[in-house]
Peer 1: 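I'd like to ask some things about the structure below.
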Amino acid sequence: MDRPHASDGFLRIASRPAARRQDSRRFACNYPRPPIQTRQVLSGAISMYWSKTLIPTSREVPADADIISHQLLIRAGLVRRISAGVYDWLPLGWKSMQKIMDIIRQEMNAIDAQEVHLPALLPAELWKQTGRYTDYGPLLFKLKDRKGSEMILGPTHEECVTELMKACVSSHKQLPLTLYQIQGKFRDEARPRNGLLRVREFFMKDAYSFHSSLESLHETYQAMYQAYVRIFKRCGINAVPVEADSGPIGGDASHEFICPCDAGEDIIVRAVDGSYAANLERAGNARQLSAADAPVGNTGASSRVSTPGASSIADVCNFLKVPQSVLIKTLVYSRQSDDGPRWLVACVRGDHDINEAKLKKIAGNVELADEPAARAAGFTIGFTGPHIVNVLPAQLVIDPDALLLTDAVTGDNEVDVHLTGFNWREHIQEDKLHTARIADIRNITESDKAPNGAALVFSKGIELGHVFKLGTKYSDALAATFLDDRQKSSSMIMGCYGIGPGRIMVAALETLSDADGIRWPMSIAPCHVLITPIKYDGQARQVADNLHTELSQLGMDVLVDDRDQRPGVKFKDADLIGIPVRLVLGDKGLAAGQVEVKLRHMKQAEMLPLEGIARHIADMVNKSRSLPD
RNA sequence: CGGGGCGUAGCUCAGCUUGGCUAGAGCGCUUGGUUCGGGACCAAGAGGUCGCAGGUUCAAAUCCUGUCGCCCCGACCA
């Protein structure tokens, strides 16, 4: 310690003054720089002076920002883009982000989840063990270290945390256990976009729970669900829980929390009476049909028609002057197996869209067939009809609404030819029809009904969080097991629960802003109070400084606009950055012993006596930032 | 990955079609002055290897080729 080495920094600092003297001569200027005075540290409250803070506000709308949240993030100086989908967090944005994270942290801790910090840099080997090194596809950031070892940047941490549990937990007595982390994650998105909505480096709260029984998993899942409801409520944003794709466990095993707004990339389906909400991928009708339900139709009335060049649904309908709802759309899927591709023919009504998630759930990991390969196998892509299964080996999957069609129009498995008067019983060989899968494989539409019969509305929304019963996918793959009370070894049962704090911010900006700028909810505002002296001088300066100290001592986060700017500039900036409470100190008011209190979400300001104003403001802030119930 | 577009000052953009003197505007920034309770005014300034590389040409921001970066729509993705 007393003999510092060059490597520990002491020496460099010690040798600095000479250089500094020279610098100050070279760059001497007349700007009156006040000496840095260390302010008292006040109970963790945020205390800032504008002139000493990096808040690069901008009047111009950035050219590449299309949605409101993106524009405000840049214009209010919250973040700055450094490359596609990668952002710097500036002081105001970071303060708000930290508040969001704190709320999440508090609610996680409240349900006995333990915070950990896991590496962003992970060995590829771990991911190879679970198969996700390839399954995750190009979304995974891959790199090599200097020795050539393969590494990845974690897009999520199931493998990592499961490995941790495997190493540290071996008895049912140690379960259940929930670990969580709030940290940066990385995904090599094909197209980062819309500011913070889809980015390549982002913050994520991920929690992982480990259980010895499904009941225990369910209990934690419920607690987590309720914690999520509280988190979004405390952040002051609207988040609708919707049923989501339930994965391996099935049933009621997954919910997404969606903030409805037009900038969102997800589509949610809700019953008008509020009785049902699901994402589009999941939403469906529980109707069960079998091949026996296929109607007979008008037998013998079918005919082949020439439809030159008409291979799309729209083309065919235009050509034949029929509605899309009488067509059968036939799509060819394939799955790789050892002896070449296995084919699957999926049929939905012409006006319906196939839902690949649903299809995969019943048919395994199929994907839309490669066109040349399918043609080579005998499929006339663009003019395929269900009856191709009579002549080619392929599994047939029929959506119930397609099954119920009679005298339908479909491709006739020949270029430029369609078949009218198609009927399942007439045109599909009996054994083929009876071995066909009849299942819901399409997206529902707004003309469909909720399971209870209620009318449906669609809306766009931002996915803010996701709770999911994982099951044993990762614990199986990584052999994370425990011994139960009868010495039997089982894989730990897992749940995982994610929240995107950045998306919470986006949702707040998208849904709560007005034409003048941001209107932060009190709980996630970078500061509670903005003190705006019309002129930071004389009495106003003294009052501003005193108020700042007093409010800070009361636990308020305070920003003082001490800039030498015209009032108009200060007000415009104040509206833009959206601090909930603004205290304006003007000469006339102060002479009368009054301050102007302007709330960002109110139009009118109010003059209040300076005496006792700090306490009054603190009470008001505390009221609006406490947990609403 | 397919389609479309953009890259000129910190920001927003003009100039490019039809190559030609020292590359422009507004905002922002600096200095001085006047102002100053809702993005002031006057004056004087600073700031750009026109993304990068190569080519065509007497001459390239402008034309050609390549390359990199970025945005939008779609595909993909949670």
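Every value quoted in this text rests on a predicted model; they were computed, and no experiment measured them. The sequence lines fix the lettering, A, B, ..., with proteins before strands; numbering per chain opens at 1.
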Peer 1: Determine the Euclidean distance between corresponding C1' atoms of B/U57 and B/C13; express it in Å to zero decimal places.
Peer 2: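 Nearest-Å result for B/C13 against B/U57 at atom C1': 30 Å.
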
Peer 1: Taking only residues two or more places apart in sequence, or in another chain, which ones meet A/Asp564 in a salt bridge (Lys or Arg N to Asp or Glu O under 4.0 Å)?
Peer 2: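 Counting only residues at least two positions away or on another chain, A/Asp564 forms a salt bridge (Lys or Arg N to Asp or Glu O under 4.0 Å) with A/Lys535.
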
Peer 1: Pairing check on B/C27: which nucleotide meets the Watson-Crick or G-U wobble criteria with it, both distances under 3.5 Å?
Peer 2: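 The base-pairing partner of B/C27, which may sit in any strand shown, is B/G10.
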
Peer 1: Check the phosphate of B/G38 against A/Arg566, side-chain N and O only, distance under 4.0 Å to OP1 or OP2. Yes or no?
Peer 2: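 Answer no for this pair, as no side-chain N or O of A/Arg566 is under 4.0 Å from OP1 or OP2.
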
Peer 1: A/Thr445 vs A/His352, test: side-chain hydrogen bond (donor to acceptor under 3.5 Å, both in side chains). Steps then yes/no.
Peer 2: CA-CA 8 Å; A/Thr445 68; A/His352 289 153; 5.0 Å; no

Peer 1: Determine the interatomic distance between C1' on B/A61 and the same-named atom on B/C21; round to the nearest Å.
Peer 2: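 So the two C1' atoms sit 16 Å from each other.
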
Peer 1: To check you understand the geometry: which heavy-atom pair defines the closest contact between A/Phe468 and A/Tyr221, and what is its length?
Peer 2: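 Smallest interatomic distance, heavy atoms only, reads N-CE1, 3.7 Å.
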
Peer 1: With C1' as the reference atom in both, quote the distance from B/U67 to B/A25 in angstrom, rounded to an integer.
Peer 2: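 Result for the C1' pair: 31 Å, nearest Å.
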
Peer 1: In whole Å, measure the gap between the C1' atoms of B/A75 and B/A23 for me.
Peer 2: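 Here B/A75 and B/A23 have their C1' atoms 42 Å from each other.
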
Peer 1: Where along nucleotides 72-78 of chain B does protein come under 4.0 Å, by heavy atom, of base (B) or sugar-phosphate alone (S), with - for untouched nucleotides?
Peer 2: BBBBBBB

Peer 1: Return the nearest nucleotide to the side chain of A/Val584; candidates are B/C36, B/U12, B/G37.
Peer 2: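 In terms of side-chain proximity for A/Val584, the closest of B/C36, B/U12, B/G37 is B/G37.
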
Peer 1: Take atom P in B/A9 and the same atom in B/G5, then report the distance between them in whole Å.
Peer 2: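 About 22 Å, rounded to a whole number of Å.
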
Peer 1: Does any donor atom in the side chain of A/Tyr49 or A/Asp545 lie under 3.5 Å from an acceptor atom in the other side chain?
Peer 2: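 The criterion, which ignores hydrogens and geometry beyond distance, is satisfied for A/Asp545 and A/Tyr49.
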
